[in-house]
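The next block holds one structure in the form of structure tokens; read it before the comments.
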Amino acid sequence: MDTLTITLPDGSEKQVTGGTTGRDIAMGISPRLADAAVAVVLDGVQLDLDRPLPGNGSFRILTTRDAEALEIVRHSSAHLMAQAVVELFPGTKLAIGPVIENGFYYDIDSPHKFSPDDFAAIEAKMLQLAEAKTPIRRNEIDRLQAIEQWGSQDEPYKVEMMQEWTDATVSFYTQGEFFDLCRGPHVPHTGFLKFVKLLSVAGAYWRGDEKRPMLQRLYATAFHDKKALEAHVAALEEAKKRDHRVLGRKLELFHMQEDMPGMVFWHPQGWTLYRTLQNYVRSKVEANGYLEVHTPSVMSKTLWEKSGHWDKYQENMFVTESEKRTFAIKPMNCPGHIQIFNQGLRSYRELPLRIAEFGSCVRNEPSGTLHGIMRVRGFVQDDAHIFCTEAQIGPEVAAFCQLLKEMYADFGFNDILVKFSTRPEKRVGTDESWDRVEKALADACEYAGLATELNPGEGAFYGPKLEFTLRDSLGRHWQCGTIQVDPNLPERLGAEYVGEDGHKHRPIMLHRAILGSLERFVGILIEHYAGAFPAWLSPTQAVILPVSEKYLEAAQATAKTLRASGVRVVVDEQNQKLGYKIREAEGKRTPFILVVGEKEAAAGTVSVRQRGAGDLGAKSVAEFAEFIAQEVAARR
RNA sequence: GCCCAGAUAGCUCAGUGGUAGAGCACUUCCUUGGUAAGGAAGAGGUCCCGGGUUCGAGUCCCGGUCUGGGCUCCA
């Protein structure tokens, strides 16, 4: 038998004989460690605990304390769920069951239509299987033999996957009677899989292809212990409480209605928030050298044909006719901005020319994609197009990234991911020009010191793009900002400028948005802040509560003074007790509650109660106005 | 668009074929109050829409619309 040399995490080396497993080593350290071990890692590759080590390398043991081990537990839980489902619902065929962020799913094809009513039975079965602590064992067989074996079991999805692979052998895992094709690794026995919860069931196309069969996808999650599982369930409940559709109604921000799907009706409160956001963006882009414009909502079909949108997005455009001509409601703003660029003769001295618009767009999104105000048909983008030379791409992209970071930080979004999307299959323009602009964008990222994740084939049809994803207070990802390099639209729509050499040149166009859709961004903010907007954003910044009706006039006088200094303030005129009105104002997440009673009316003060901080005591009206002005200026 | 599920008062929801319900909100009256729900009375319904089954449909069946969970898509 060969001898292997493994390096332990503390740097010490250990000689072991060939055939030694991770468990053997763990046992050598302590039996308790061997019990708690989930798997091992040899030179960065995860292996089953009971698998003989295949070679030398750095070695560590994964226990239930490691984050990596959680993925293994979830993966094994997916198998356990499959086992439970197959046992409870015979005739179920298995497709794939991967681990995803925060859990796992399994796609299955079953005569049984699954509903949440089935979850309890599946969970009970899984618990029963877990308590049996059945060993999970790895096996390898010849791939062609495996295809035959799974074929005879009528498992077409497994067979299809194996047919596409090229390896000579495949691995599968058995636990009792159940076996499933899998690369592994898995936990040593089912006893590690006791803390599982099924979450939802939904349709999903086989291999994500809408032309392939629709499978049933069971979503679930698993943890090492009960406490972590309960914490996760609590987090899900918290997210549910923050649902922008629920809070949007409660806070009287907006409504939507059945006969106008995908369209938002902004109510006074919501529109105040919306305008505050818009004015904020306006101040930022103005300060960064953008010029705001406004372009028409309805533009001729011929323009969309020239731009290429008609070819690709016709189905998703609202079209209208007049006097035998066809028009489309604009789904985007770029062709309009080129029309502005094209007026008169442009000089290189004007570049980079940054044209910004709160561009009101309408897209006929498929009905199934609509979701609250996060995905709508009518929305406004904080859009802008930068006309520049190729040499200006770098500095412009860098300046844009800087502005974006600054703006996201004002909302408390400091964790930003950047994706670099390259040429898609369906595209316009020559390969040479794609080569050039992809390189220019890559160089710009380097110039901006930006770490990006490659997203091949996901670019826009006219050019490569960066996509900016922020993480909200619950750790959820939202893709908002984007910047896209486009040499093609200027070409198609005939944009040109006179260069230093006196000849005409084609500008590059950078499409960019920071918040993306304002509708969606408001939705994100509602959930991020759980409706408790900071004072600078809050539609109502302060509510004045007269202690009784006797002090209503004093309250109104105070409101008038505060309004004059720019505070968004209302008086609660209800004939109710103070406690009731406080409860109501807190329920609406008002940042400041001002109580006016006998003392305050006499002294010209307000008793200030700040959301989250409680009673701050009495302040003069002028003092409070100054205080809130500072809060707003600091974007708190 | 596709799969599954749902739609009952302003909101949240109960109602398994036989006279449409609750809580909150709303209106009126009483109460005039000091930091998270004072009391009483009242009003409020095309049970999503259209067909069908039935003596009789909120309830069962079919079709549609919208919403939700996903999938696909997202210029």
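Throughout, a chain's letter reflects where its sequence line sits, starting with A, and its residues are numbered from 1.
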Euclidean distance for C1', B:C24 against B:A37 (whole angstrom): 11 Å

In whole angstrom, give the distance that lies between atom CZ of A:Phe592 and atom C1' of B:U35. 16 Å

Nearest-angstrom distance from the residue atom NZ of A:Lys240 to P of B:G69: 10 Å

For the P atoms, the ones on B:C47 and on B:G58, what distance do you get once it is rounded to whole angstrom? 7 Å

P gap between B:U35 and B:C29, integer Å: 27 Å

Once you apply the 3.5 Å cut-off to both distances, tell me the Watson-Crick or G-U wobble partner of B:A75, or none. none

Passing option when A:Phe254 is tested against A:Trp271, A:Trp266, A:Phe265 for ring-ring contact (aromatic ring centres under 6.0 Å, His included): A:Trp266

Does the side chain of A:Arg245 get closer than 4.0 angstrom to OP1 or OP2 of B:U12 through an N or O atom? no

What's A:Asp259 touching, base or sugar-phosphate or nothing? Going by heavy atoms closer than 4.0 Å. nothing

Check whether the side chains of A:His267 and A:Glu252 place a donor and an acceptor atom closer than 3.5 Å, and report yes or no. no

Can you check whether A:Lys465 has a side-chain N or O nearer than 4.0 Å to OP1 or OP2 of B:A75? yes

Using a 4.0 Å heavy-atom cut-off across all strands, classify A:Ala204 as base, sugar-phosphate, or nothing. sugar-phosphate

Under a 3.5 Å distance rule, please check whether A:Asp382 uses its side chain to pair with a backbone N or O of A:Ile514 as donor and acceptor. yes

A:Met332 side-chain proximity, nearest of B:A75, B:C71, B:U35: B:A75

For A:Ser548 and A:Arg207, find the nucleotide of RNA chain B closest to each by heavy atoms; which residue's nucleotide sits nearer the 5' end? A:Ser548

For A:Leu370 and for A:Gln576, find the nucleotide of RNA chain B with the closest heavy atom, then tell me which residue's nucleotide is more 5'. A:Gln576

Value in whole Å for how far the P atom of B:C74 lies from NE2 of A:His309: 13 Å

Categorize A:Arg249 for me: base, sugar-phosphate, or nothing, with a 4.0 angstrom heavy-atom threshold over every strand shown. sugar-phosphate

Of the options B:A37, B:C71, B:U35, whose atoms approach the side-chain atoms of A:Arg583 most closely? B:A37

Distance between C1' atoms of B:U8 and B:G44 (Å, rounded): 14 Å

Now, which nucleotide makes the Watson-Crick or G-U wobble pair with B:C2, with each of the two distances under 3.5 Å? B:G70

B:C13: pairing nucleotide in any strand, Watson-Crick or G-U under 3.5 angstrom: B:G21

For B:G34, which nucleotide is its Watson-Crick or G-U wobble mate, given both distances must be under 3.5 Å? none

Please report, rounded to the nearest Å, how far the P atom of B:C66 is from the CE atom of A:Met263. 12 Å

Proximal nucleotide (of B:A36, B:U32, B:C26) relative to the A:Glu586 side chain: B:A36

Say we look at B:U59 and B:G17: how far apart would their C1' atoms be, to the nearest angstrom? 7 Å

What's the CE-C1' distance between A:Met374 and B:G69, to the nearest Å? 15 Å

Across the strands shown, which category fits A:Gly372 at heavy-atom distances under 4.0 angstrom: base, sugar-phosphate, nothing? sugar-phosphate

Quick one: sort the A:His309 and A:Trp304 rings into parallel, tilted or perpendicular, breaks at 30° and 60°. perpendicular

Counting the atoms with a prime plus P, OP1 and OP2 as sugar-phosphate, which does A:Gly368 contact under 4.0 Å by heavy atoms, base, sugar-phosphate, or nothing? base

Taking the inter-plane angle between the rings of A:Phe627 and A:Phe592 on a 0 to 90° scale, is it parallel (under 30°), tilted (30 to 60°) or perpendicular (over 60°)? perpendicular

Does any donor-acceptor pair link the side chain of A:Glu600 with the base of B:G34 at a separation under 3.5 Å? yes

Mind checking A:Lys250 for me? I need base, sugar-phosphate or nothing, with any heavy atom below 4.0 Å counting as a touch. nothing

Going by purine N1 to pyrimidine N3 plus the second Watson-Crick contact, or the G-U wobble pair, all under 3.5 Å, which nucleotide sits opposite B:U28? B:A40

B:A75, B:U67, B:C48: which one has an atom nearest the side-chain heavy atoms of A:Gln484? B:A75

For A:Glu584, answer base if it contacts any base atom (sugar-phosphate contacts may also be present), sugar-phosphate if it contacts only those atoms, and nothing otherwise; contact means non-hydrogen atoms under 4.0 Å. nothing

Is a side-chain N or O of A:Arg242 found less than 3.5 angstrom from the main chain of A:Glu527, in a donor-acceptor match? yes

Considering only side-chain heavy atoms of A:Tyr205, which listed nucleotide, B:C2, B:G70, B:U35, is closest? B:C2

What contact category does A:Ile593 fall into here, base, sugar-phosphate, or nothing, at under 4.0 angstrom with non-hydrogen atoms? nothing

Side-chain atoms of A:Ser200 come closest, of B:G69, B:G33, B:A75, to B:G69

Can you confirm if the aromatic rings of A:Phe89 and A:Phe114 lie within a centre distance of less than 6.0 Å? yes

Checking all strands, does A:Arg217 fall into the base, sugar-phosphate, or nothing category for heavy-atom contacts under 4.0 angstrom? sugar-phosphate

Say you pick atom C1' in B:U12 and the same atom in B:U16; how far apart are they, in whole Å? 22 Å

Counting Watson-Crick and G-U wobble pairs only, both distances under 3.5 Å, name the nucleotide matched with B:A7, or none. B:U65

Taking the six-membered ring of A:Tyr105 as reference, does the NZ or CZ atom of A:Arg217 fall below 6.0 Å from its centre and within a 45° cone about the axis? yes

Phosphate contact (B:G70 OP1 or OP2) by A:His371 side-chain N/O below 4.0 Å: no

Within 45° of the axis and under 6.0 Å from the centre of the six-membered ring of A:Phe420, does NZ or CZ of A:Lys465 qualify? no

Kindly point out which of B:U72, B:C3, B:C71 is positioned nearest to the side chain of A:Met214? B:C3

Given the P atoms of B:U32 and B:U67, what is the spacing between them in whole Å? 50 Å

Given the P atoms of B:U72 and B:C13, what is the spacing between them in whole Å? 29 Å

A:Lys577, nearest nucleotide to its side chain (from B:G33, B:A75, B:U35): B:G33

A:Asn342 side-chain N/O to A:Leu493 backbone N/O, donor-acceptor pair under 3.5 Å: yes

The nucleotide from B:U72, B:G34, B:A36 with an atom nearest the side chain of A:Ile582 is B:A36

Is any side-chain N or O of A:Tyr580 closer than 4.0 Å to OP1 or OP2 of B:U31? no

What nucleic acid atoms does A:Gly208 come within less than 4.0 Å of, heavy atoms only: base, sugar-phosphate, or nothing? sugar-phosphate

Considering every strand and a 4.0 Å limit on heavy-atom distances, what is the contact class for A:Asn575: base, sugar-phosphate, or nothing? base

Any side-chain N or O of A:Lys550 below 4.0 angstrom from OP1/OP2 of B:G33? yes

Base, sugar-phosphate alone, or nothing: which one does A:Ser607 contact when heavy atoms must sit under 4.0 Å apart? base

Whole-Å distance separating the CH2 atom of A:Trp206 from the C1' atom of B:G70: 17 Å

Could you check which of B:C74, B:C26, B:A75 has an atom nearest any side-chain atom of A:Arg375? B:C74

Return yes if the base of B:A75 and the side-chain atoms of A:Arg427 contain a donor-acceptor N/O pair under 3.5 Å, otherwise no. no

Would A:Tyr313 pass as stacked on B:A75, i.e. its ring centre under 5.5 Å from the base's six-membered ring centre and planes under 30° apart? yes

